Amino acid sequence: MKGFFTYNSGGVSMHIKEYNPREIEKKWQNIWEEKGTFRASSDKSKPKFYALVEFPYPSGDGLHVGHPRSYTALDIIARKRRLEGYNVLYPIGWDAFGLPTENFAIKNKIHPRIVTERNVARFRNQLKSLGFSFDWSREVNTTDPNYYRWTQWIFLKLFEHGLAYKAEIPINWCTECKVGLANEEVVNGVCERCGGEVIRKVKSQWMLKITEYAEKLLNDLDTVDYIEKVKVQQRNWIGRSEGAEVEFRIAGQDIIIKVFTTRPDTLFGATYMVLSPEHPVVSQLKDKITNWDQVEKYREEAMKKSDFERTEISKEKTGVPLMGLMAVNPVNNKEIPIWISDYVLMSYGTGAIMAVPAHDTRDWEFAKKFGLPIVEVVKGGDVEKEAYTDIESGVMVNSGFLDGLQVKEAIPRIIDWLEEQGLGRRKVNYKLRDWVFSRQRYWGEPIPLVECEKCGWVPIPEDQLPLTLPEVENYMTTDTGESPLANIPEWVNTTCPKCGGPAKRETDTMPQWAGSSWYFLRYIDPHNDKAFADMEELKYWLPVDWYNGGMEHTTLHLLYSRFWHKFLYDIGCVPTPEPYKKRTSHGMILGENNEKMSKSRGNVINPDDIVEEFGADTFRVYEMFLGAFDQAIPWSQQGVRGCRRFLERVWRLQELVADEEGYSPELETAMHKAIKKVSEDFERMKFNTAIATLMSLVNDFYDAGRITRGEFRTFLILLNPAAPHITEELWEILGFEGMLNEQKWPQWDEEKTVEDMIEIAVQVNGRVRDVIKVPKDADQQAVKDVAMESENITKFIEGKKIVKEIYVPGKIFNIVVK
RNA sequence: GCGGAUAUGGCGGAAUUGGCAGACGCGCUGGAUUUAGGAUCCAGUAGUUAACAGCUGUGCAGGUUCAAGUCCUGUUAUCCGCACCA
């Protein structure tokens, strides 16, 4: 019984206090706050580590259990980095502009600013109750005029550099939200937020030229450490394709129609053209079209269709010929008919295609349906049965000077020819479109431009920023799609900063993605009123070392913010071409019934309830333990209980601590193994197995019946990033030096991660027949000697001939017999 | 249709490079303790079997190998992304 440490100096297991998370969690949260424990230091001599999680939209529903999954994960990384000696920046803020708040405000007649304040206060409390090691002194809020002043400033820079322009184009219009949407916000033809129907609406819109950065956004993916899934999705979204732009003349007209094609080699097989119904040439040549009534009807129908209907797959191709017009195939001067069809999109390429039915599946379907000629120009398939699209093995035929060439040879040859003749040129095309940046809503950043009759669009001078939102009575949107701001004449009517004449303010506001496109920069220097952030600070902290967030933001926020950052880099405002060095993504947490958590399904878990009943540490440990971090996983209330039980067992370890330093011989290997496993698993985001390792170690501790102070100290440090409150408390109770968060992350000795005596599985013909114990450095003969003493082995060998022996040190010994 | 991922006990999931399948947790069964248990502790828990002997077993069908959850070929199902992108 000697040397056992107990809380009350009595006997073993006598009087330790009960584990009371409610009490100790509050206690440590207060201590950390008072001491500013997790503030990033201004000391730049230390190596830095910038950990970032996507800041939340403070919705009225409060925190979702999905938020803490991401936050706990990077909290673990951040806490580990501090223990490793880094100066860590782990900030948080609020992405607080946006529709739900505004809708709530309208419905309940409360100003969106008040709603936002309330929601933020609730979120802040919830996050604080979970003990995240955020640097709260750097909190940002996108709706704060001191913040959006800089959002507006960046917008003006984009405008100055010609990257923001106003265009009258058909945009995606959500009929529910009564707001224009970016392409990225339309999912499966409906609004990604509300699921409402999206129609095409022609509106004058502010656009950002993200397409100008398509090449950089694509190429620089090779320079960053993002999970492959994200890179693949961004590449697909940018959708680069190489080909040629070819000019088709209209017979008897002085008009040229350009098409984009990736298969210029098949030009001799182009037997007709198809234009998008919206193609401007159609109206332009109205007088020449003999079946105008039919054409007009088709165009009207196409316009009426929602995006969803129009892009619906597997529907029959439709179309109408432009009678009275013929195009001329530039390679052979043959006249070919021109059709319009809604399978040709105005928004991709030039809105017109050359149709090669023999070698394009869509054109083939169309030609078959309307009896258009099919001319084979690449040999290898049966073009009467289906389009032959192979580009690897086909040989050109019926193609004049291209005959006999492989497809891959023919492509550059024909492009050279087109360029020589002035009939076309090499061209790279992207699926990525410019970013529709206007929102017809109140609760967003005002666009800091005025329209002057004389000077056109004029930016508001920088020293007059921020342009703040006016107080209004009514935020209702109108069915005509005008922003609520348009109804405030005293705000709209202003003077031109340039000439002093009368001018009108832009009344649309920015999308929610504006403020989030640069928030990680503001965290670096959040109180700066001279610049969005000081260059010296930016140089120290950028890039973000590790950014975790949802897959749903891959082609939205993540792409947008890379674009803004690249622009800021080009104009010398940030020191790095890429904002984020590493990007990872967490899986969704589903309800207990394996369905997506939602109010309507009645399967929502409220984090507050879990913290209240089990404590924040249990909640954190459970979220990390429930399964692979990057996969969707259902919640299990029973599983939470198990994690609480684990922490109870940790708490009671106090009773086992003997007054001895170092590691005991019995547990030394287990300690080194655990340090290694936990260290590596945290880095690989294998949080579930790291926690499992710690659970196993606790089981080992109980099996051993007593542990040293050294063992307990190491264990507490390993568990600390996941369960920071209970570990600090135990650290204090045990009277260890200083505070736990000031300690050093433990090291392991590779040598000591293996026991001196190890177990080797002995197989006969690949089947395990026995397990033997041998010294860890035993050679094959030694292992064989031990194995042959085993009856379990010998009875399978008896009477047979040993033909082969395989020994994998530390793993198995296999004897092959015949 | 294209691209990506996944498939392992009653459940969530483990298994660096091919080397003892089912770690860890939940649940369940039995026991101890308790006035009580949604507390704690002990034992058991893939299937089959009288068995701590064997045999079978990682969606399905083949193959490579001394050895396959892992590699190869084919196939099915589910999920995610894109979706007439010329």
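Small disclaimer: the values here were computed from a predicted structure and weren't measured. By convention in this document, chain letters (A, B, ...) are assigned in the order of the sequence lines, proteins followed by strands, and residues within each chain are numbered from 1. When reading the values below, keep in mind they use all heavy atoms of this one structure, side chains included, and skip hydrogens, waters and symmetry mates.
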query = If a stem is a run of at least 3 consecutive Watson-Crick or G-U pairs, both distances under 3.5 Å, which stems include RNA chain B?
reply =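 Ordered by first number, the stems with RNA chain B (at least 3 consecutive pairs each) read B:1-7 with B:76-82, B:10-12 with B:24-26, B:27-32 with B:40-45, B:46-48 with B:54-56, B:59-63 with B:71-75.
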How would you list, by chain and number, every residue that makes a salt bridge (Lys or Arg N to Asp or Glu O under 4.0 Å) with [X], sequence neighbours excluded?
X: A:Glu592; result: none
X: A:Lys673; result: none
X: A:Asp700; result: none

Set out, line by line, the N/O atom pairs under 3.5 Å between protein and nucleotides 18-20 of chain B.
from, atom 1, to, atom 2, distance (Å)
B:G19, N2, A:Gln763, OE1, 3.4

Out of B:A86, B:C82, B:A23, which has the shortest distance to the side chain of A:Thr689?
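The nucleotide sitting nearest to the side chain is B:A23.
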### Task
Ignoring the backbone of A:Gln233, work out which of B:G81, B:A86, B:G27 is nearest its side chain.
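Nearest listed nucleotide: B:G81.
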Distance flag, aromatic centroids of A:Phe370 and A:Tyr272, threshold under 6.0 Å
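Ring-ring flag for A:Tyr272/A:Phe370: false, centres at least 6.0 Å apart.
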Listed by chain and number, what are the side-chain hydrogen bond (donor to acceptor under 3.5 Å, both in side chains) partners of A:Tyr807, not counting sequence neighbours?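 If we apply the side-chain hydrogen bond (donor to acceptor under 3.5 Å, both in side chains) test to A:Tyr807, skipping adjacent residues, there are no hits.
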With B for base contact, S for sugar-phosphate-only contact and - for none (protein heavy atoms under 4.0 Å), nucleotides 36-57 of chain B reads --B-SS-----------SSSS-
Applying ring pair (Phe, Tyr, Trp, His ring centres under 6.0 Å), can you list everything that pairs with [X], at least two apart in sequence or on another chain?
X: A:Tyr19; answer: A:Trp651
X: A:Phe715; answer: A:Phe701
X: A:Trp748; answer: none

All pairs passing salt bridge (Lys or Arg N to Asp or Glu O under 4.0 Å) where residues 801-816 of chain A contributes a residue, at least two apart: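 Counting only pairs at least two positions apart or across chains, the salt bridge (Lys or Arg N to Asp or Glu O under 4.0 Å) contacts touching residues 801-816 of chain A are A:Lys784-A:Glu805.
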Please work out if A:Ser241 contacts a base, only the sugar-phosphate, or nothing of the nucleic acid, heavy-atom cut-off 4.0 Å.
->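 Sugar-phosphate contact only.
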| request: Show the numbers, then the answer: is there a side-chain contact (heavy atoms from CB on, under 4.5 Å) between A:Tyr226 and A:Leu558? | output: CA-CA 11 Å; A:Tyr226 292 3; A:Leu558 195 66; 4.2 Å; yes
Sort me out a list of protein N/O and nucleotides 1-5 of chain B N/O pairs below 3.5 Å, or just none if empty.
none

